[in-house]
Amino acid sequence: MFTYSPDRYIVCRHVPAFRQFIKSEELAMTHTRSLKTAGVITAFAAIILAGMISSSKRVRARDDETADQREESRIQRGFDIAPVHLNLEGKNRALVGLGSYIVNAVGDCNGCHSAGPRTEFVNPGGNPYFRIPPFGGTEELNLETYLGGGRDFGPNGSVLHLYSRNLTPDKTGLPAGGHSFAEFVEIMRKGTDFDHVHPNCTAPGIPANCYEAPVNGDLLQVMRWPFFRNMTDHELAAIYEYLSAVPCNPGQVIAGAPYLQNTCE
């Protein structure tokens, strides 16, 4: 027979509340675990972020150090390969060294701004292109023509003779026959011919050595200024500083090309 129990009645009566209590406890425990997990994740993310920032700083420092080292190696290499005595008085040594590297190892300026391939190197024995006499492994530039201009790139269009210019300083100490740095930058970036050696023709063959259309006679032809214009200001300053430090070359004596002459004293 069924027997009534007050205690059982009380327990049964409060079963929903008990269940709600249990559920609340479980939610609280779940929330606590979630907070702990979130805290762990946040701490881990902070550690990773700190490591990334620290690593980035170290990499950036190494990159900066490497860039400085590369610059210094080019400067030193520039001094090692400079074929002439350099006048460093009043000059920026680092720019001179870097300029030598660009002029002698990268741009091969003497390849165009000398009297030509046949006289660019000392013969016999110093010309790496020669087989007879045999090349002894010691390259030797002809310093009498070094950067002195005079190589003939003509005929070029209507111009019969197109000579490369003298890049060495004149008696003023300014390179390329006395050009200021501002003029030098304009030459390298825009190709301006301040000497007006080959103006545009006003009539066929008038004046002599003139350029007929469509060539622009106000600009240097053949000279690779459309390529050099992309150099940085720092690189152009280095080239200018180096050209200011090389000895004056009086230049080639060529009929009809007095602009190749440099007044050294």
Side-chain angles (χ1 to χ4, degrees), residues 65-117 119-122 125-129 135 137-151 164-189 191 220 222-252 260 262 264:
E65 182 181 2
T66 302
D68 292 340
Q69 289 174 343
R70 285 197 299 266
E71 179 88 346
E72 184 57 38
S73 67
R74 291 187 178 102
I75 292 170
Q76 186 55 52
R77 183 60 176 163
F79 281 114
D80 292 341
I81 64 177
V84 294
H85 175 75
L86 300 175
N87 177 14
L88 297 179
E89 184 178 356
K91 309 291 192 309
N92 183 311
R93 181 187 178 280
L95 285 180
V96 171
L98 179 61
S100 175
Y101 178 80
I102 297 172
V103 167
N104 297 305
V106 179
D108 187 26
C109 299
N110 190 59
C112 291
H113 292 273
S114 60
T119 59
E120 182 180 358
F121 298 95
V122 173
N127 192 331
Y129 294 104
F135 177 57
T138 303
E139 180 181 307
E140 186 177 355
L141 289 174
N142 182 1
L143 301 187
E144 292 184 4
T145 64
Y146 181 69
L147 298 180
R151 180 173 181 176
S164 61
R165 309 297 170 84
N166 191 329
L167 297 185
T168 65
D170 63 6
K171 64 180 181 180
T172 67
L174 301 179
H179 285 297
S180 67
F181 178 64
E183 290 173 335
F184 177 77
V185 170
E186 185 170 337
I187 291 170
M188 297 293 278
R189 295 217 186 277
L220 293 167
V222 178
M223 193 273 196
R224 300 287 291 163
W225 59 267
F227 167 76
F228 295 127
R229 72 190 303 172
N230 296 316
M231 288 185 167
T232 66
D233 293 338
H234 181 63
E235 290 168 334
L236 292 182
I239 295 172
Y240 187 85
E241 196 80 348
Y242 173 73
L243 294 179
S244 301
V246 302
C248 173
N249 188 322
Q252 302 297 306
L260 296 177
N262 242 353
C264 295

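Throughout, numbering of the chain's residues begins at 1 and tracks the sequence.
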- Task: Name all residues meeting the side chain to side chain donor-acceptor pair (under 3.5 Å) criterion together with T172; count only those two or more places apart in sequence or in a different chain, and write none if there are none.
- Result: D170

- Task: Give a yes or no on whether the backbone of E241 and the side-chain of N92 come within a donor-acceptor separation of less than 3.5 Å.
- Result: no

- Message: Please give me the minimum heavy-atom distance between C264 and P250, naming the atom from each residue.
- Response: SG-N, 3.9 Å

- Counterpart residues, side chain to side chain contact (heavy atoms under 4.5 Å, CB included), relative to S114 (two or more places apart): N110, E120, T145

- Query: Which residues pass the side chain to side chain contact (heavy atoms under 4.5 Å, CB included) test with P83, sequence neighbours left out?
  - Reply: N104, L141, L143, Y146, Y242

- Task: Not counting sequence neighbours, which residues clear side chain to side chain donor-acceptor pair (under 3.5 Å) with H234? List them please.
- Result: E71

- Quick note, side chain to side chain donor-acceptor pair (under 3.5 Å) partners involving residues 79-91, not counting sequence neighbours, are Q76-D80

- Message: Could you report the tightest heavy-atom contact between G78 and S100, atom names first, then the distance?
- Response: O-OG, 2.6 Å

- Taking every heavy atom of P169 against every heavy atom of P247, the minimum-distance pair comes out as CD-O, 4.1 Å

- Item | Under the ring pair (Phe, Tyr, Trp, His ring centres under 6.0 Å) test, residues paired with F181 that sit two or more places apart | Y240

- Message: Please identify which of these residues, I75, L86, V246, meets the side chain to side chain contact (heavy atoms under 4.5 Å, CB included) condition with V96.
- Response: L86

- Task: Check the pair F228 / I239 against side chain to side chain contact (heavy atoms under 4.5 Å, CB included), numbers first and verdict last.
- Result: CA-CA 11 Å; F228 295 127; I239 295 172; 5.9 Å; no

- V106 vs Y101 side-chain heavy atoms within contact, under 4.5 Å: yes

- Search all heavy atoms of P128 against all heavy atoms of E139 and return the closest pair with its distance. CG-OE1, 3.8 Å

- Note on the structure: Sorted by chain and number, sequence neighbours left out, side chain to side chain contact (heavy atoms under 4.5 Å, CB included) with C109 holds for V103, L147, L167

- Message: Checking R165 now: which residues fulfil salt bridge (charged side-chain N to carboxylate O under 4.0 Å, His left out) with it, not counting sequence neighbours?
- Response: D193, D195

- Query: Does a side-chain heavy-atom distance below 4.5 Å link M188 with M223?
  - Reply: yes

- Item | Spacing of R77 atom CZ and L98 atom CG [to the nearest 0.5 Å] | 14.0 Å

- Note on the structure: By side chain to side chain contact (heavy atoms under 4.5 Å, CB included), E140 pairs with (sequence neighbours left out) V122

- Item | CH2 on W225 to CE on M231, rounded to 0.5 Å | 15.0 Å

- Query: With sequence neighbours excluded, what pairs up with E144 under the side chain to side chain donor-acceptor pair (under 3.5 Å) test?
  - Reply: none

- Item | Heavy-atom closest contact (P175 atom, L243 atom, distance) | CB-CB, 3.5 Å

- Message: Suppose we screen for side chain to side chain donor-acceptor pair (under 3.5 Å). Which residues come up paired with N249, at least two apart in sequence or across chains?
- Response: none

- Query: How long is the gap from CD on E186 to CD on E183, to the nearest 0.5 Å?
  - Reply: 8.0 Å

- Message: So H179 and L174, do their side chains get closer than 4.5 Å, heavy atoms only?
- Response: no

- Message: Under the salt bridge (Lys or Arg N to Asp or Glu O under 4.0 Å) definition, can you give me all pairs with a residue in residues 227-240, not counting sequence neighbours?
- Response: R189-D233

- Item | Atom pair OG1/CG of T119 and N127 - distance to nearest 0.5 Å | 10.0 Å

